[in-house]
Enquirer: 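Quick one: structure below, then a few questions.
On a predicted model such as this, the values are computed, not experimentally measured, just so you know.
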Amino acid sequence: MDIDVKELNMVITSGERTYRLMIRKSDDCSRLILISEDYELIESKCIDHVRLGTIINFLRTVLTR
């Protein structure tokens, strides 16, 4: 999807677990950060533009492990 996401801070559930999803921005790139309720941190690779499709693919990948 060609929709850019500038800010993101949301709580999602998958099965019995709860996660917080956010975007961390630095000078050179952005990263998606997923934090579980027991503070497990999953971080995406460096992303130039965060798009809605990128977020969906990231969640699909990390939550189906």
Enquirer: Look up atom SG in C46 and atom CZ in R31, then write down how far apart they are to the nearest 0.5 Å.
Expert: 5.0 Å
Enquirer: Looking at CZ of R24 and CD of E43, how far apart are the two atoms once the value is rounded to the nearest 0.5 Å?
Expert: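 It is 5.0 Å, given to the nearest 0.5 Å.
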Enquirer: Please find the pair of heavy atoms, one from M10 and one from L8, that lie closest to each other, and give the distance.
Expert: SD-CD1, 3.6 Å
Enquirer: To the nearest 0.5 Å, tell me how far T54 OG1 sits from D4 CG.
Expert: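 So the gap between those two atoms works out to 9.0 Å.
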Enquirer: CG/L59 to CG/L34 distance, rounded to the nearest 0.5 angstrom?
Expert: 6.5 Å
Enquirer: Does the distance from a Lys or Arg side-chain N to an Asp or Glu carboxylate O, for E37 and R20, drop under 4.0 Å?
Expert: no
Enquirer: Of the options L52, I55, V50, which is the one that meets I3 in a side chain to side chain contact (heavy atoms under 4.5 Å, CB included)?
Expert: L52
Enquirer: What's the separation between atom OG in S14 and atom CG in L63, rounded to the nearest 0.5 Å?
Expert: 4.5 Å
Enquirer: Same cluster for V62 and I47 if Ile/Leu/Val/Met/Phe/Trp/Tyr side chains link at under 4.5 Å?
Expert: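 Same hydrophobic cluster.
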Enquirer: Say you draw a straight line from OH of Y19 to CD1 of I42; how long is it, rounded to the nearest 0.5 Å?
Expert: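 With rounding to 0.5 Å, OH (Y19) is 6.5 Å from CD1 (I42).
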Enquirer: Does a donor on one side chain and an acceptor on the other come within less than 3.5 Å for R17 and S36?
Expert: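 Yes, side-chain donor-acceptor contact under 3.5 Å.
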Enquirer: For the hydrophobic clusters of this structure (ILVMFWY residues joined by side-chain heavy atoms under 4.5 Å, transitively), does one cluster hold both L21 and V5?
Expert: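 Same hydrophobic cluster.
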Enquirer: Decide side-chain contact (heavy atoms from CB on, under 4.5 Å) for K6 and I23; before the verdict, give the C-alpha distance in whole Å, the side-chain angles of both, and the deciding distance to 0.1 Å.
Expert: CA-CA 8 Å; K6 300 296 183 188; I23 298 173; over 6 Å; no
Enquirer: Before giving the answer on side-chain contact (heavy atoms from CB on, under 4.5 Å), spell out for L41 and I33 the whole-Å C-alpha distance, their side-chain angles and the decisive distance to 0.1 Å.
Expert: CA-CA 7 Å; L41 182 98; I33 307 295; 3.3 Å; yes
